[in-house]
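Here the structure comes first, spelled out in structure tokens, and everything after it is commentary.
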Amino acid sequence: MLDAHVHVWDLTQRQLPWLGANHPLRRDFTLLDLCDPPNPPHLSGVVGPSDLVLVQADADPAEVGDLLALAQGNPAVVGVVGWFDLLDFPDRLPDDPLLVGVRSPPVDQTDPDLLTTPAHLRGVRAAADAGLAIDLLLRPSALIGAARLASAVPDARLVLDHLGNPTAATAEWRSGMQALAECPNVTVKLSGTAHLATDDLRALVDVALELFGSERLLFGSDWPVCTLAATRAEVIRRTTALLPPATHNDVFRGTAQRIYRSRETAP
């Protein structure tokens with residue numbers, strides 16, 4: 001399995017203002033924590049960090065170096081999606097093949113127009129030209145803007161995190177997902193769903209699978225954020241149960257391998 005959405009942080013190095021002073025996640029999270037407690041026997045080889053993509057948690061380019069250094073010492077980490085300002089994309093990137101993507105959420109994740117401003121388009125084109133995938137952290141009302149972005153930069157590999165953060169399969173969300181599905185350069189990450197009721201998640205997954213097919217879906221546990229509602233093992237187990245077995249190779253490994261590939265192999 002390849003878990004395409006894992007966070008780690010060290011609060012002596014990171015401020016993480018999105019974690020308030022009394023937030024239950026306001027402590028350090030390391031890769032060792034990912035395997036604690038030990039895997040239950042029926043999930044042996046699945047729950048532990050077999051292969052991981054680390055995703056930014058801080059809007060600070062210094063975090064990218066920290067994550068890449070961590071990856072160098074941990075063979076389980078096969079890629080890093082780091083933060084770079086897409087409105088002022090750097091001329092030079094770290095010379096590390098494990099840097100496979102960028103995530104730079106817009107200031108307002110609900111505004112579709114922010115995704116196609118000239119500055120944002122330039123940044124996305126620069127990231128795509130550098131061989132990086134671009135993760136998008138958005139709300140349902142902004143999905144139509146993401147579809148316009150995908151059409152404007154067809155060479156960009158865009159990854160919609162957390163299914164677009166819906167609370168249910170609303171008409172607005174379905175419309176945005178339909179528009180994105182018509183853009184072949186968009187994939188969707190089944191992540192950030194631990195807080196949803198199983199029936200609500202099933203409806204969302206069914207729509208995503210119908211629109212995108214398994215070859216454009218990938219799994220991410222969103223650990224440790226998922227632990228606010230469920231353990232990583234529970235997230236894996238529930239997602240597995242909701243997907244037809246024939247889709248598992250794509251969703252749990254193949255799609256992420258294609259999207260988060262080394263920049264040296266990107267077209």
With rounding to the nearest 0.5 angstrom, report the [atom1] to [atom2] distance, [X] to [Y].
X	Y	atom1	atom2	value
R122	L87	CZ	CG	9.0 Å
L217	T239	CG	OG1	11.5 Å
T255	F212	OG1	CZ	12.0 Å
L190	F252	CG	CZ	8.0 Å
L52	H5	CG	NE2	12.0 Å
D161	L136	CG	CG	7.5 Å

Side-chain donor or acceptor of [X] paired with backbone N/O of [Y] under 3.5 Å:
X	Y	result
D96	L98	yes
W18	A57	yes
R157	G101	no
R103	V81	no
H248	L243	yes
E63	D60	no
D33	T30	yes
S175	A171	no
D28	L11	yes
R216	V186	yes

Where is the tightest heavy-atom contact between [X] and [Y], given as atom of each residue plus distance?
X	Y	result
V235	C226	CG2-CB, 4.0 Å
L121	L115	CD2-O, 4.2 Å
R26	A21	CD-O, 3.8 Å
L143	M177	CD1-SD, 4.0 Å

For residues 108-152, pull every pair meeting ring-ring contact (aromatic ring centres under 6.0 Å, His included), keeping only residues two or more places apart or in separate chains.
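Every candidate ring-ring contact (aromatic ring centres under 6.0 Å, His included) pair involving residues 108-152 fails, so no pair, neighbours aside, qualifies.
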Do [X] and [Y] come within less than 4.5 Å of each other through their side chains, counting heavy atoms only?
X	Y	value
L31	V77	yes
L2	Y260	no
D58	W9	no
V64	Q56	no
C183	L158	no
L204	T193	no
S221	V6	yes
L218	V159	yes

State plainly whether the residues D222 and K189 are in salt-bridge range, i.e. N to O under 4.0 Å.
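So D222 does not pair with K189 through a salt bridge.
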Is the number of heavy atoms from other residues, nucleotides or ligands within 6.0 Å of CG (N249) greater than 12?
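No, not enclosed.
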Does Q13 CD have over 12 foreign heavy atoms under 6.0 Å away?
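More than 12 heavy atoms, drawn from other residues, nucleotides or ligands, come within 6.0 Å of this atom.
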Excluding sequence neighbours, so at least two apart, what forms side chain to side chain contact (heavy atoms under 4.5 Å, CB included) with R139?
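Counting only residues at least two positions away or on another chain, R139 forms a side chain to side chain contact (heavy atoms under 4.5 Å, CB included) with Q109, T110, N165.
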